Every structure is written in structure tokens, then in C-alpha cells.
Amino acid sequence: MKAVVFEGPGLPLKLRELAAPSLGTNEVIVKVEACGICGSDLHATEPGPFLQAPGAVLGHEFAGTIVASSDPAVPEGLRATAVPVNVGGCDACRESGSCQKGLGILCPSRRITGLNRDLPGAYAEYVKVDSRQIVPLPDRVSFESGALAEPLAVGLHAVDLAGVQPGARVLVIGAGFIGLSVVLFAKLRGAASVVVSERASARREAARAAGADDIIDPLAEADLKAAFVARAGEAPDVIFECVGAPGVIQTCIDAAAPRATLVVVGVCLKEDAIWPARAVHKELKLQFAMGYAAADFARVLDFLDRGEIVPDNLVTDRVSLSELPNAFEALRRPEGQIKVIITPSN
């Protein structure tokens with residue numbers, strides 16, 4: 001089969017011919033119809049804590065058709081996506097097939113398809129997964145939308161952690177795919193005002209298309225709190241940090257209303273510093289978000305099936321496997337890209 005392989009730090013991905021996966025017990029093979037490029041994939045190719053070994057096949061946001069199965073409960077021909085967090089990652093959970101502490105993606109023994117050398121991902125024509133990870137796609141949900149279930153689940157989980165209530169004033173900092181998925185779910189929860197701060201003009205326009213009530217260009221308006229108040233009437237009750245850069249958490253603290261909730265979704269890979277007293281004086285709640293719960297996939301697919309969220313306009317680029325290496329490198333310095341989808345069959 002054709003697959004795109006990580007060759008090493010500083011080297012472009014390479015299209016190669018690899019052996020097709022073979023079935024083990026309670027496993028399925030999925031013909032990949034759509035796969036998203038995630039920011040985590042970029043981190044996995046750069047020196048740091050997420051760096052993968054040469055030879056790794058990335059890709060954990062995918063959907064397709066099951067073409068082989070050793071589990072009678074998961075038939076061939078099923079249209080599906082899969083939770084990439086492998087169940088039974090440690091001895092205590094392996095037999096039951098689930099995390100006995102309910103940690104899921106937070107488990108230190110987690111193994112993620114496409115982010116572990118021995119679990120090749122979906123930058124390929126076919127990917128093998130544990131049958132217990134399979135989540136069927138509703139008939140009205142396309143393969144492309146099914147591939148978006150994973151990053152959409154991140155946004156849903158962040159909004160759940162924030163406890164967004166009807167009438168809330170919400171500030172989202174960063175309009176990449178995760179920030180925009182937060183916009184979708186915050187609006188679905190009945191937030192009265194959702195304002196997005198984003199430097200890139202194309203992403204600001206995408207925020208409007210996703211349902212944001214207003215946008216802020218932080219390069220043009222240095223006082224973020226004042227800019228938000230001018231648009232929403234008062235300071236934000238909930239702020240989502242979806243950038244992952246040093247200094248942004250402090251920006252959230254300074255912009256927040258008293259007793260606001262701050263949810264950090266962006267992954268900052270550098271040391272950062274805050275002034276705790278500024279948060280103390282407002283009695284702020286600071287919440288960090290990591291991934292999702294497995295059950296969030298079915299919830300996202302249900303929202304998609306009912307048309308309550310429509311993420312189609314967040315897909316800005318579609319590429320084949322042969323085009324993937326160049327598209328991947330371009331994302332290291334993104335311009336207008338939000339979500340790039342790989343279609344291996346093209």
C-alpha cells in the first residue's frame with residue numbers, strides 16, 4: 001500500500017510503498033477515505049517531547065470503510081471513524097479493554113494510533129485499529145466530516161470543561177480548527193456573544209463563517225479586554241486559549257471578568273510565566289484541557305447527523321498522498337489554512 005512516512009527531524013515526509021497491515025485478534029482494517037492533518041502531527045516531527053522515530057506513519061483523524069475484520073460485532077463494509085486512543089494500554093486494563101481509572105487519554109500508558117511507532121496511522125491507504133475503537137458513521141455523515149470527529153471532540157470537551165451556559169460572554173483566542181470548533185459548540189450551548197481574537201485575516205473570516213458574533217484583530221487593538229467590551233458590553237465570562245504560545249494565559253487573566261473561567265486548550269511547548277495575584281484578585285478558575293473522552297466521538301457524530309454543527313467550511317485544503325509532503329511542510333508557517341484533509345484514494 002502507499003503511505004507517507006516520517007523520515008526524521010528536518011526532513012520532508014516521504015511517499016513510500018509499505019506492506020499492507022494484517023489482522024490480529026479483535027482488529028479491523030480501515031480503507032482510509034479521509035484523514036486530517038493535526039497540529040500534533042507537526043509537533044511529532046520536531047525535536048521535543050512528542051518527536052516520533054523515523055519510519056513512523058502519522059495520522060489519527062480519519063474515517064473510512066472497514067475492509068477486513070476479525071471481530072464479528074464489527075462487520076466489513078461498515079463506514080466508521082475510530083478513537084485513536086488505544087484501550088488497554090497497561091496490564092491493569094488490557095483484559096477489560098478500558099481504563100479502570102477512567103483516565104482515557106490522560107493515562108500515562110496511553111498509546112495513540114499515528115503517534116506511536118508501533119501503531120501506524122492513517123497517512124496511508126489502509127490503517128489497522130482495535131475493533132473496540134470503532135465508531136460507526138451515521139448515514140448522513142460524510143467520510144470527511146467523520147474524519148473531523150476527532151478534532152471536533154477536542155472543542156466539545158473544552159466547552160464541557162468550561163461549563164458554558166446560555167447567555168455567556170465568550171472570548172476565543174486563536175482561530176485554528178480547535179478554536180473554531182469551540183465557537184461551534186459555544187454557540188450551540190446558547191452563548192450570547194462569542195468573540196474571536198485572531199491575527200490572520202483569513203482565519204478571522206472563517207470565525208465569522210463558523211458563527212462568531214464578532215472578531216478582533218489583536219495586531220490592531222492592543223487592549224484585548226477593551227476590544228471585547230466594545231463588542232460584547234462587558235468583559236468575558238469564559239475565555240478559551242487556543243493558541244499555545246507564551247504569554248497568552250496572562251493575556252486571558254488580564255482580559256477576564258471577575259470569577260470568569262479560563263480554559264487552556266492550546267499546547268505551549270515552552271516555559272511560561274503568569275502573575276497569580278492578578279488571577280487571585282478576580283477569583284478566576286483556570287482549567288487545562290487535554291483531548292476528549294471516547295464518548296465524545298458519538299456525541300459529535302450525533303450533532304453532525306442532526307445538522308446542529310456544520311464544519312464543512314473549516315476545511316480549506318484537500319490533498320492526495322502524493323501532495324501531502326508539501327502540504328505538511330506548508331503548515332509549519334500557515335497562511336490561510338485551517339484544516340487540511342488527505343484523500344488517499346485520489
Side-chain angles (χ1 to χ4, degrees), residues 36-39 42 144-145 148 151-152 154-156 158-159 162 164 168-257 260 262-268 289 308-318 327 330-341:
I37 300 177
C38 177
L42 294 167
E144 187 171 281
S145 292
L148 298 179
L152 285 169
V154 176
L156 175 60
V159 171
V164 173
R169 298 180 300 275
V170 175
L171 171 62
V172 180
I173 301 179
F177 189 90
I178 300 304
L180 297 177
S181 69
V182 166
V183 171
L184 292 173
F185 289 113
K187 293 297 292 183
L188 189 62
R189 290 286 172 82
S193 183
V194 177
V195 179
V196 176
S197 174
E198 167 61 49
R199 294 185 176 193
S201 60
R203 290 187 170 190
R204 289 197 299 273
E205 292 311 307
R208 285 195 187 278
D213 297 290
D214 216 326
I215 54 176
I216 296 169
D217 178 358
L219 297 179
E221 300 183 73
D223 188 334
L224 185 59
K225 182 177 181 179
F228 185 92
V229 170
R231 290 159 173 80
E234 296 183 49
D237 307 307
V238 183
I239 303 179
F240 294 91
E241 193 280 276
C242 300
V243 176
V248 183
I249 295 177
Q250 185 61 52
T251 297
C252 294
I253 290 171
D254 293 339
L262 316 182
V263 180
V264 180
V265 192
V267 180
C268 182
E308 294 188 61
I309 58 169
V310 182
D312 297 359
N313 57 356
L314 306 187
V315 177
T316 52
D317 301 81
R318 295 168 179 85
L331 285 173
R332 298 191 192 278
R333 294 177 179 81
E335 295 180 359
Q337 305 99 316
I338 296 173
K339 177 58 68 176
V340 178
I341 291 287

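Please read these numbers as outputs of a predicted model, since none were measured by experiment. FYI, the numbering just counts along the sequence from 1.
- Within a 6.0 Å radius of CZ in Arg199, other residues, nucleotides and ligands contribute 12 heavy atoms or fewer.
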(message) Checking Ile338 against Val315 for the side chain to side chain contact (heavy atoms under 4.5 Å, CB included) test, could you report, in this order, the C-alpha distance in whole Å, the side-chain angles of both residues, the deciding distance, and whether it holds?
(response) CA-CA 6 Å; Ile338 296 173; Val315 177; over 6 Å; no
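- Annotation: the span from Leu314 atom CG to Leu184 atom CG amounts to 6.0 Å, rounded to 0.5 Å.
- Annotation: side chain to side chain contact (heavy atoms under 4.5 Å, CB included) contacts of Asp254 (sequence neighbours excluded): Gln250, Arg278.
- Remark: Arg208 engages Asp214 in a salt bridge, criterion side-chain N to carboxylate O under 4.0 Å.
- Phe177 is listed as a side-chain neighbour of Leu148, based on a closest heavy-atom distance under 4.5 Å.
- The CD1 atom of Ile253 sits 12.5 Å away from the NZ atom of Lys225 when rounded to the nearest 0.5 Å.
- Crowding of Glu335 atom CD: a count of heavy atoms from other residues, nucleotides or ligands under 6.0 Å not exceeding 12.
- When every heavy atom of Gly174 is checked against every heavy atom of Cys242, the shortest pair comes out as O-CB, 4.0 Å.
- Not one N or O on the side chain of Glu205 forms a donor-acceptor pair closer than 3.5 Å with the backbone of Ala207.
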(request) Report the C-alpha separation of Ile178 and Leu180 in whole Å, then their side-chain angles, then the decisive distance to 0.1 Å, and conclude whether the side chain to side chain contact (heavy atoms under 4.5 Å, CB included) test is met. (result) CA-CA 5 Å; Ile178 300 304; Leu180 297 177; over 6 Å; no
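- A donor-acceptor distance shorter than 3.5 angstrom exists from the side chain of Glu198 to the backbone of Ala175, with no hydrogens or angles considered.
- The two residues Ala235 and Ala256 make their nearest non-hydrogen contact at CB-C, 4.2 Å.
- Taking Pro236 as the reference, Leu171, Phe228, Ile239 meet the side chain to side chain contact (heavy atoms under 4.5 Å, CB included) condition, with sequence neighbours excluded.
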(message) With side chain to side chain contact (heavy atoms under 4.5 Å, CB included) as the criterion, how do Asp217 and Arg204 come out once you've worked through the C-alpha distance, each side chain's angles and the decisive distance to 0.1 Å?
(response) CA-CA 8 Å; Asp217 178 358; Arg204 289 197 299 273; 3.5 Å; yes
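- Looking only at side-chain heavy atoms (C-beta outward), Val196 and Ile216 stay at 4.5 Å or farther from each other.
- Across all their heavy atoms, Ser181 and Leu152 have their closest contact at CB-CD2, 3.8 Å.
- Here the OG1-CZ distance, from Thr316 to Arg203, works out to 8.0 Å after rounding to the nearest 0.5 Å.
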(request) Could you check Leu42 against Arg332 for side chain to side chain contact (heavy atoms under 4.5 Å, CB included), going step by step and ending with a plain yes or no? (result) CA-CA 7 Å; Leu42 294 167; Arg332 298 191 192 278; 4.2 Å; yes
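- Between the side chain of Glu221 and the main chain of Asp223, no donor-acceptor pair closer than 3.5 Å is present.
- Under the side chain to side chain contact (heavy atoms under 4.5 Å, CB included) rule, Val164 has a single partner from Asp237, Val159, Leu188, Val194, which is Val159.
- The distance from the OG1 atom of Thr251 to the CG atom of Leu224 is 7.0 Å, given to the nearest 0.5 Å.
- Of the charged side-chain nitrogens involved, none lies within less than 4.0 Å of a carboxylate oxygen, so that Glu308 and Lys187 do not count as a salt-bridged pair.
- In this structure, OG on Ser197 lies 15.0 Å from CZ on Phe240, to the nearest 0.5 angstrom.
- The two residues Asn313 and Ala209 come nearest to each other via the heavy atoms ND2-CB, 3.1 Å.
- Panel note: side chain Gln337, backbone Val340; no donor-acceptor pair is recorded below 3.5 Å.
- Among all heavy-atom pairs drawn from Ala212 and Val183, the shortest one is N-CG1, 3.7 Å.
- With rounding to the nearest 0.5 angstrom, the SG atom of Cys252 is 6.0 Å from the CG atom of Leu262.
- Shown here for Val172 and Gly179, the closest heavy-atom pair between the two residues is CG1-O, 3.6 Å.
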